[in-house]
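See below for the structure under consideration.
Start at 1 with the first residue, then count along the sequence. Keep in mind that what you see is a predicted model, and the values were worked out from it rather than measured.
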Amino acid sequence: MIGELAAMQRETTASLLPALNEAMAAGLLICPGEQAVLQHELIRRAIAEALPPAVRLALNNDIDTLRNQRRANVPLTPELLLSQGVTIVKTPPVPASVPAVAQGSVSQRLTGRLVPALLLARSARTEPLTLGSTEELRTELTAILADAHAVAPGKADAAARNIVSLFADDERRVWGNARSILDSRTEADGDADAVTATTVISNLEWSAGNLTEGLRWGRQAVSRIGRSTPTMWRPYVRLALASKLSDLGQFDEAELLIRTAREEAERAGLTDHAAAILITRSRLLLQSSRLQEAQDAAQAGLSAAVEAGSSWVIPVGQAVLILVALRRGDLSSAADYVWRTRAVVGADSTVFPSIHFSWGECLVATAQLGPRRTAELLTTQYADLLTQRQLFVEEPGAAPWFVRLALAADDAPLAAAVVASVEALAAANTEHHSVCVSAAHARGLLERDAAALRRASREHLSPCSGALAEEDLGVLFSADEGRNGALAQGCLQAALHRFEQIGAKADADRVRDLLRDNSLPAAPIPAPAPARPPVDTPPGWDALTEAERAIAHLVGDGLTNRQIARRVSLSPHTVNYHLRVIFRKLDINSRVEVARYLAQGA
C-alpha cells in the first residue's frame, strides 16, 4: 500500500509523489487504487535480487510489523480485489487486548493459509520457506495437532515436522518426503501428516501428467479422512480431488465432492473454508461453460477470501473472472483482473503458483499484443505453460489454442512441438477421453485434417472447446470455397449457435464476422511446415540466440537449470525450454554433449 511505503520510510505520502510519478512514467510501476504494483515480474525479481538477503529479510520484517500494528490481515483493499458491485462483509477490527499472534502474525498466516494451499496446489512452491517461517510453522502445527487430538507433544511435533517437509522447493524432495511418511503407515491411517502426504503425492502425479495415478492417490486421500484427521483440513482434501475430476469432465462426481466439503465445513462451523469451496466450484462451472454461474461463484468466493484473509486462493478465482471476461469480449476487465492478481501474488508469500492465472494472463497478452508478439513471449515469459502438461489437462482448449496461435504467427515448429507434447500426454493417458480429444483437435489444426476436427467438435466434453473445433472446421472448409463453401457455412452457423448458447459473446462476434465476410479470418491457417528450422537458417552455433549461447556456456560449466535460472533471471521452466531448443539446433541430445560441443571450439 502507498501509505505503508510512506510509513516505512517515515515520510508523508505527498513526499513520495515525485518518485512514484517517475516510476510510473518509466513504465516500472502502476498504482491501481491505493496500491503500488510493479509492472512486471522481471522488474520485481531484478530489484529483489539486487538487495542483499539480510536487507530483504529486514524489509519483510518491517512490513509484517507495520501490518500487525495496523491490524491489517489482508494486504489489498476489498475494493481493489473485487469487481464493482460485489457486497463485502468486512471483518471487524481486532481488539487491542488480543495478543500479536492473533492479529495476523507469521504463525497465524502460515497455518491458516499454507497448509490448505499445499493441499490444493498442483505443484510444489517455487521458492522454499525461510528458516524462520519454517520453524514458526512447525511450532504452530505442533500446538494445533496436540490440541486437536490430545496426543503427546513428541508425536504432534513429529507429525508437524513431516508436514513442514512437504513445503520444499524441489518436487523430487517433496515426493521423497511424502513417500517416507507413508512407508510406515497403512492405507487406513488418517493422521494429519498421512492425509497431507497422500494428497501431495496425488497433486505431484497430476502435475507430471500421470492422471490415473493422480486420481488414485486423490481417492486414497479422501478415503483416509477419519477421526484423527484435523477437521479444519478435511474439506480441502475433497476439493483437491474434485478439481481433478472436473478437469477430466467428470462433473457429477466433482459436484458431489464439493457439496460434501461444503456440508462438512458448515457442520464444523468452518466459515473460513467458504472461499476455497466457492472458487473450486467456479472452476467446475467454467469448465462446463456455464459462464454466468462461474462468474457469480468466483465473485462470491473472492468476497469470502477477502473477509477471511485467504489471499492464497485469490489467483484461481481471479483466473476464472479473466477467462469469463475474455469469452464475453471484455478485455478491459480481464486485464484489470490480471493486475489485481499480480498485486496479491507480490504481496503475500503464502500464494502458490497458479497455472490457471498464468494461462489467463497469456490469453490477455495475446488479445493485447497479437499472435506474433505472444508467440515470441512463449519462449520467455510464458515458456512454463508449454512445459507443464497439467495445463493441457485442465484446459482442453489450450493445446489447440497454442497451435492456432503458432500457425497465425508463422511458427510451424512451435505448433509441431505443442502437438507432440499433447499427443505424448494422451498416449500416456488413453483412458482419459478429454485429453485424447484435445490432442486430436491440435493435430487436426496442424495437418488441416477435417476428420480430426469433426471428431473434436463432437466429442469435446467442454461445450466451449467443442464450439471452437466446429469453428476451426468451418475455417478449414472456407479455404476451398468452391468445393466446400456450403460445408463451411454450415459449420460456422453451428459454431455460432453453440457460442450463443454458452453466452460467449466474443467468440460469437468473431464467427458472425466470418459469416458476414464469407472469407477466411485475418490470420488464416497455413499449410503445415516441417518441425525443423528452414533450410536457410544457419546451422550449429550460429543458429543460437545470444540468450541460448549464454545458457549453453553455463550448461558447459556444469550448472543445473535452477542455478542457471538464477544467473540469467529466468524461471527453471524457461531455461528448460531454451535447453531443448539448443539441443535441437545443435543436433545433440544431452547436457554432456553441450559441454563436448563447447570444448571442441564452437
Output yes when a side-chain donor or acceptor of [X] lies under 3.5 Å from a complementary backbone atom of [Y], and no otherwise.
X	Y	value
Thr366	Cys362	yes
Asn203	Ala121	yes
Asp449	Arg443	no
Ser288	Leu285	yes
Ser303	Ala300	no
Thr260	Leu256	yes
Asp336	Ser332	no

Between Val320 and Gln295, does the side-chain contact (heavy atoms from CB on, under 4.5 Å) criterion hold? Intermediate values first, please. CA-CA 7 Å; Val320 171; Gln295 177 179 296; over 6 Å; no

Test side-chain contact (heavy atoms from CB on, under 4.5 Å) on Ser478 and Leu514; report intermediate values, then the result. CA-CA 9 Å; Ser478 296; Leu514 292 174; over 6 Å; no

Approximate separation, where rounding is to 0.5 Å, of [X] [atom1] and [Y] [atom2]:
X	Y	atom1	atom2	answer
Leu473	Glu471	CG	CD	11.0 Å
Ser282	Leu321	OG	CG	7.5 Å
Leu326	Leu291	CG	CG	11.0 Å
His497	Ile502	NE2	CD1	10.0 Å
Leu468	His441	CG	NE2	6.5 Å
Gln299	Ile279	CD	CD1	11.0 Å

Under the criterion salt bridge (charged side-chain N to carboxylate O under 4.0 Å, His left out), which of Arg327, Arg498, Arg328 is the partner of Asp507? Arg327

Ring pair (Phe, Tyr, Trp, His ring centres under 6.0 Å) pairs, two or more places apart, involving residues 409-428: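 Not a single pair qualifies under ring pair (Phe, Tyr, Trp, His ring centres under 6.0 Å).
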
Would you call Glu470-Arg458 a salt bridge at under 4.0 Å N-O?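 Salt bridge between Glu470 and Arg458, a charged N being under 4.0 Å from a carboxylate O: no.
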
With sequence neighbours left out, the residues meeting ring-ring contact (aromatic ring centres under 6.0 Å, His included) with Phe402 are Trp359

Under the side-chain hydrogen bond (donor to acceptor under 3.5 Å, both in side chains) test, residues paired with [X] that sit two or more places apart:
X	value
Glu263	none
Thr212	Glu431, His432
Glu395	Arg283
Glu459	His433, Arg455

So [Y] and [X], do their side chains get closer than 4.5 Å, heavy atoms only?
X	Y	answer
Leu363	Ile322	no
Thr199	Val222	no
Leu204	Trp217	no
Gln489	Phe477	no
Glu500	Arg512	yes
Pro116	Leu118	no
Phe251	Gln287	yes

According to side-chain contact (heavy atoms from CB on, under 4.5 Å), who are the partners of [X], at least two apart in sequence or on a separate chain?
X	answer
Ala242	Ala254, Leu257, Ile258
Ala325	Asp330, Ser333, Ala334, Tyr337
Ala506	none
Ser465	Pro396, His460, Ser462

As a quick check of understanding, evaluate side-chain contact (heavy atoms from CB on, under 4.5 Å) for Ile582 and Lys585, giving each step before the final call. CA-CA 5 Å; Ile582 291 167; Lys585 289 182 177 180; 6.0 Å; no

Looking at every heavy atom in both [X] and [Y], which two are closest together, and how far apart are they?
X	Y	value
Cys464	Phe499	O-CE2, 4.1 Å
Arg389	Ala424	NH2-CB, 3.5 Å
Gly214	Lys244	O-CD, 4.2 Å
Leu391	Ala398	CG-CB, 3.9 Å
Val422	Ser438	CG2-OG, 4.2 Å
Leu446	Ala415	CD1-CB, 3.9 Å

Sequence neighbours excluded, which residues qualify as salt bridge (Lys or Arg N to Asp or Glu O under 4.0 Å) partners of Glu255? Arg281

Among residues at least two apart in sequence or on other chains, which ones pass salt bridge (Lys or Arg N to Asp or Glu O under 4.0 Å) with Asp296?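 For Asp296, no residue satisfies salt bridge (Lys or Arg N to Asp or Glu O under 4.0 Å) once neighbours in sequence are set aside.
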
Take Thr280 and Val313 through the side-chain contact (heavy atoms from CB on, under 4.5 Å) test and state the conclusion after the steps. CA-CA 9 Å; Thr280 300; Val313 78; over 6 Å; no

Passing option when Asp472 is tested against Arg404, Arg454, Arg448 for side-chain hydrogen bond (donor to acceptor under 3.5 Å, both in side chains):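 Exactly one candidate clears the test, Arg404.
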
